[in-house]
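Reviewing the structure listed below.
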Amino acid sequence: AIQNLDSKPTNKLKLLIYFSKEDIKEINQVSGYELLNVDILPLTGNTKVEKPVFNTNLTKLIPSGEYFPILVLTEQNDQGNYIIKSTLRMGDKYIIQ
């Protein structure tokens, strides 16, 4: 679910999946390979989107190795930059050969 706990609407959002060599250490910092990037329309205040479904193509190749899949939600700030709002590790390590 994606939830806006604030009474004000969000700015534009993006949902990303990264494959990272390291597990999440801080909510505001993710490194690794961006696997996909999906634009999400702003959410009105106090809104929750249950089980959103997105269709996209994977267009990036990732080198062989062991990776943690990390889901990242970002929001556009007043300067137009996207700032990490939330991160979530999705399961155990993946091994790509």
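For clarity, every value in this text was computed on a predicted model and none was experimentally measured.
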Under 3.5 Å, side chain of [X] to main-chain N/O of [Y], donor-acceptor pair present?
| X | Y | result |
| --- | --- | --- |
| S20 | S31 | yes |
| T10 | P42 | no |
| N11 | Q76 | yes |

> Does a sphere of radius 6.0 Å around CD in Q79 hold more than 12 heavy atoms from other residues, nucleotides or ligands, not counting ones at 6.0 Å or beyond?
Replying inline: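 For Q79, atom CD is crowded (more than 12 foreign heavy atoms under 6.0 Å).
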> How would you list, by chain and number, every residue that makes a side-chain hydrogen bond (donor to acceptor under 3.5 Å, both in side chains) with D39, sequence neighbours excluded?
Replying inline: K14
> According to a 4.5 Å side-chain heavy-atom criterion applied to Ile, Leu, Val, Met, Phe, Trp and Tyr, with indirect links allowed, do Y18 and I62 form part of one hydrophobic cluster?
Replying inline: no
Closest non-hydrogen atom pair between [X] and [Y], with its separation:
| X | Y | value |
| --- | --- | --- |
| I17 | L71 | CG1-CD1, 3.9 Å |
| A1 | P52 | CA-CD, 4.4 Å |
| L43 | L13 | CG-CD1, 4.0 Å |
| E75 | K85 | OE1-CE, 3.3 Å |

> Is there any side chain to side chain donor-acceptor pair (under 3.5 Å) pair reaching into residues 40-51, and which pairs are they, with sequence neighbours excluded?
Replying inline: T44-T47, K48-E50
> Looking at residues at least two apart in the chain, or sitting in another chain, which of them share a salt bridge (Lys or Arg N to Asp or Glu O under 4.0 Å) with D78?
Replying inline: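 Per chain and number, D78 pairs via salt bridge (Lys or Arg N to Asp or Glu O under 4.0 Å) with no residue.
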> Taking the six-membered ring of Y33, is the NZ or CZ of K60 close enough (under 6.0 Å from the centre) and on axis enough (within 45°)?
Replying inline: no
>> Suppose we call two aromatic rings close when their centres sit under 6.0 Å apart. Are F68 and F19 close by that rule?
In response: no
